[in-house]
Amino acid sequence: MGADSYLWPNFFFIFAVVVCIFGAHGSAVEGKKARYDYYRVIRVIPSNEQELAWLRDAAYKRHDLDFWKEPSIVGHPVDIMIPPTANDFLKVLINEGFKPETMIRNVQKLIDSESTLFRQQVSLNDEDFYTHYRTFEEIDAWIDDIASTYSDLVSVESVSKSHEERIVRGLKIGKPSGTTKPAAYIQGGIHAREWVSPATVMFMTYKLLNAYGTDTTVTEMFDKFDWYIVPVLNADGYHYTWSNNRMWRKNRRQAPGNICVGTDLNRNYAYKWGGAGASRISCALTYRGTGPASEIETSEMTNFLTKKSESTDIHLYIDFHSYGLLWLYPWGYTDDRTVPQADREKQRALALEGNEAIIATHGKSYFVGEAGADLYPASGGSDDWAYGELKIKYTYTIELRDDGKYGFVLPESEIKPTTEEIYNAMLVVGQKLISEL
Ligand code: 0X9
Ligand code: ZN
C-alpha cells in the first residue's frame with residue numbers, strides 16, 4: 001500500500017478498476033456478499049533489508065493482494081491474502097527466495113465458520129452476549145441498554161455522523177460530580193474488519209461497570225475520571241462487513257472523481273496528513289482521503305474530542321485494532337525514533353507494565369514499541385492526532401489478538417480471553433492515571 005505512483009493514472013487506472021471488481025476485495029457481485037473461496041493467507045518473513053524492500057514494493061504495486069500485515073521490519077512477519085486468480089504470486093515469492101507458509105487455506109471457509117447467522121438473542125447481562133460478534137445495530141442498542149441499566153454512572157454521547165447517516169455513539173462513564181473531571185477516551189472499530197476490537201471494547205466496558213463499587217481501582221477510575229468509550233467509530237464500514245464484505249477496512253464514501261469507495265480513517269486524521277504509508281490512490285486499502293479529515297467520521301470525532309479537551313484534560317487515548325498483539329505509542333507517521341516526543345519513556349513504561357498484566361492473564365505477550373519505527377510509518381493516524389494535537393499523554397494503538405493464525409477472522413472463542421487480558425491491563429493503566437492526579 002505504497003504512497004505514490006508516477007504511472008498513475010495511465011496504467012494504474014486500468015489496473016485499479018480491475019482490482020476493484022475482482023481483486024483484493026473478494027469476488028463481489030453488486031448486491032451480493034463478497035466471497036473469499038480459496039483465497040489463502042500466506043506468511044513470509046523478510047530476513048534482510050532487500051527482502052523487506054521487495055515486499056514493500058509488492059505491497060505498493062499489487063493491488064490484487066490484500067496485505068493483512070504490511071511489511072514492517074526485518075524478521076517480522078508479513079501476511080498476504082492472495083486470491084486464487086493471483087496464485088502466480090506464490091511462485092514469484094518462491095523464485096525470490098522466500099519460503100511462504102500458508103496460514104489460512106480458504107478464507108471463505110473460516111468466514112463461514114463464524115456462524116453469525118444463527119445466534120440466540122440474549123440479554124446484555126448475560127456473558128453470552130459478549131462472546132459473540134455483534135452487528136452495528138446490536139451494538140447501538142447495547143449502548144442504550146447499558147446507559148439505562150447503569151444510569152447512575154452512564155450516559156450516551158453522540159460522537160459523529162457517518163457518511164451513510166448512521167450516528168456514531170459512545171458512552172460517558174463516570175460518577176457525576178459538581179466539577180469537571182479529567183477524562184479518558186477509548187475507541188474501537190476504526191477499521192471495519194477488525195471485529196475483535198468492538199467486541200473487546202464492549203465486553204471490557206461491561207466488566208468494568210460490574211466491578212464498580214467492589215474493585216477499588218475501578219471505583220476510583222470512574223469516581224475520578226470520565227471515560228468516553230466508542231465501540232465502533234467506522235459505523236458504515238462495520239455495517240458493510242456484515243452485509244456485503246467481511247474484509248472491508250475503510251469507510252464507505254466515494255469522494256467525487258475517485259474510482260474506488262472508501263478512505264482509511266486511520267490515514268485521514270489532520271496531523272501530518274499525507275506523509276509516509278498513506279496512499280493517494282483511492283483503491284488502496286490505506287487511502288488517505290482527499291484532504292486532512294476529509295471524512296465526516298474523522299472530522300466530527302476530532303471536533304468532539306477537541307471540544308472535550310477545551311473544558312478538561314484528557315489523560316488517556318486508546319485506539320483498539322487487530323491483529324498482531326502490539327501495544328504501540330506515537331509517533332506513527334515516522335520511523336525516526338529521534339523525533340522529539342516528550343512522553344515516549346512514560347508511555348513505554350506503562351505499556352510494559354500493562355503487558356505484564358496481560359502475560360499474567362493467559363500467557364500472551366504483546367510487543368511494546370513505537371508505531372512508526374517498530375511497525376511501519378503510517379501518517380494521518382488517530383493516535384498521532386490525539387498525541388500531536390491534543391497532547392494526550394498516554395496515547396496508544398493496541399493491536400489485539402491473534403498473531404496471525406486466524407487474523408481478522410478470529411474465532412468468537414477468543415473474545416473472552418482477549419477481553420480478560422486487556423481488562424487486567426486497563427486496571428494497570430487506571431492505577432497509573434489515578435496515581436498521577
Ligand atoms: O496501519 C494501521 O492503521 C494500524 N495497523 S492495522 O493493521 N490495524 O491497520 C497501526 C497504526 C499505528 N499508528 C500509526 N501508524 N499512526
Ligand atoms: Zn486497524
Side-chain angles (χ1 to χ4, degrees), residues 1-3 24 41 56 59 66-73 76-81 187-201 232-234 237-238 241 247-251 262-279 284-289 292 297-298 317-337 339 341 344 347 351 366-390 392 395-404 407-410:
M1 264 67 55
V41 179
R56 285 211 182 107
D66 180 340
F67 279 70
W68 280 20
K69 269 269 150 269
E70 287 185 59
S72 53
I73 51 182
H76 280 214
V78 177
D79 296 345
I80 313 168
M81 181 169 73
Q187 167 177 291
I190 192 172
H191 286 147
R193 62 190 177 181
E194 298 167 7
W195 280 11
V196 74
S197 153
T200 302
V201 169
V232 185
L233 182 75
N234 181 4
Y238 187 77
T241 57
M247 288 305 144
W248 194 256
R249 167 182 166 99
K250 305 188 281 182
N251 77 347
T263 290
D264 182 347
L265 296 178
N266 212 30
R267 302 290 182 277
N268 189 240
Y269 280 75
Y271 186 80
K272 303 280 179 189
W273 179 86
S279 179
L285 284 169
T286 54
Y287 176 52
R288 65 191 188 178
E297 295 87 353
T298 319
Y317 179 97
I318 304 181
D319 195 9
F320 280 106
H321 290 246
S322 76
Y323 60 95
L325 311 183
L326 309 168
W327 190 323
L328 305 167
Y329 47 87
W331 300 109
Y333 73 88
T334 175
D335 56 9
D336 182 355
R337 281 176 216 277
V339 173
Q341 207 273 53
R344 202 178 248 132
Q347 290 163 357
Y366 285 47
F367 172 86
V368 173
E370 189 159 331
D374 289 316
L375 187 59
Y376 44 75
S379 53
S382 89
D383 46 5
D384 280 359
W385 176 83
Y387 187 71
E389 280 303 323
L390 296 191
I392 300 176
T395 288
Y396 297 113
T397 288
I398 296 181
E399 302 273 0
L400 298 167
R401 290 193 188 194
D402 57 8
D403 48 16
F408 302 118
V409 200
L410 187 72

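Whatever order the structure lists them in is the order used to number ligands and atoms, beginning at 1. Scope of the values below: all heavy atoms of this structure, side chains included, with no hydrogens, waters or symmetry mates. Model, not experiment: these values are computed from the prediction.
- L233 CG to Q187 CD: the interatomic distance, rounded to the nearest 0.5 Å, is 4.5 Å.
- Expressed to the nearest 0.5 Å, how far OH of Y396 lies from CG of D319 amounts to 14.0 Å.
- Considering backbone and side-chain N/O of A371, none are found under 3.5 Å from N/O of ligand 1.
- Angle subtended at the Zn ion (ligand 2) by H191 ND1 and E194 OE1: 110°, rounded to 10 degrees.
- Between atom CD1 of residue I190 and atom OG1 of residue T298 there is a gap of 6.5 Å, rounded to the nearest 0.5 Å.
- For atom 9 (O) of ligand 1, the closest non-hydrogen atom on the protein side is R249 NH1, 2.6 Å.
- With hydrogens left out, the protein atom closest to atom 8 (N) of ligand 1 is E194 OE2, 2.9 Å, a heavy atom.
- Ligand 1 does not have Y323 within reach: every non-hydrogen atom of the residue lies 4.0 Å or more from it.
- Residue nearest to atom 16 (N) of ligand 1, selected from L400, D383, T397: D383 (by heavy-atom distance).
- With distances taken over non-hydrogen atoms, the option nearest atom 5 (N) of ligand 1 out of H191, E399, H321 is E399.
- Here the heavy atom of the protein found nearest to atom 1 (O) of ligand 1 is Y376 OH, 2.6 Å.
- The structure places CH2 of W68 at 12.5 Å from CD1 of I80, a figure rounded to the nearest 0.5 Å.
- Ranked by closest heavy atom to atom 11 (C) of ligand 1, the top entry among D264, N266, I190 is N266.
- Residue H321 approaches the Zn ion (ligand 2) most closely through its N/O/S atom ND1.
- The backbone N or O of E370 sits less than 3.5 Å from a side-chain atom of D374, completing a donor-acceptor pair.
- Contact annotation for E70 and ligand 1: no heavy atom of the residue comes within less than 4.0 Å of the ligand.
- Side-chain contact of Y387 with Q341: a donor-acceptor pair under 3.5 Å is present, judged by distance alone.
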ask   = So W385 and Y317, ring-ring contact (aromatic ring centres under 6.0 Å, His included) or not? Walk me through it.
value = CA-CA 10 Å; W385 176 83; Y317 179 97; 7.3 Å; no
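- At a heavy-atom cutoff of 4.0 Å, ligand 1 is contacted by the backbone of S322 but not by its side chain.
- Shortest contact from atom 15 (N) of ligand 1 to any protein heavy atom: A378 O, 3.2 Å.
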Test ring-ring contact (aromatic ring centres under 6.0 Å, His included) applied to F408 and H191, step by step = CA-CA 10 Å; F408 302 118; H191 286 147; 8.6 Å; no
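- Taking OG1 of T241 as the reference point, atom CH2 of W248 lies at 11.0 Å (rounded to 0.5 Å).
- Using a 4.0 Å cut-off to heavy atoms of K69, the atoms of ligand 1 that qualify are 7 (O).
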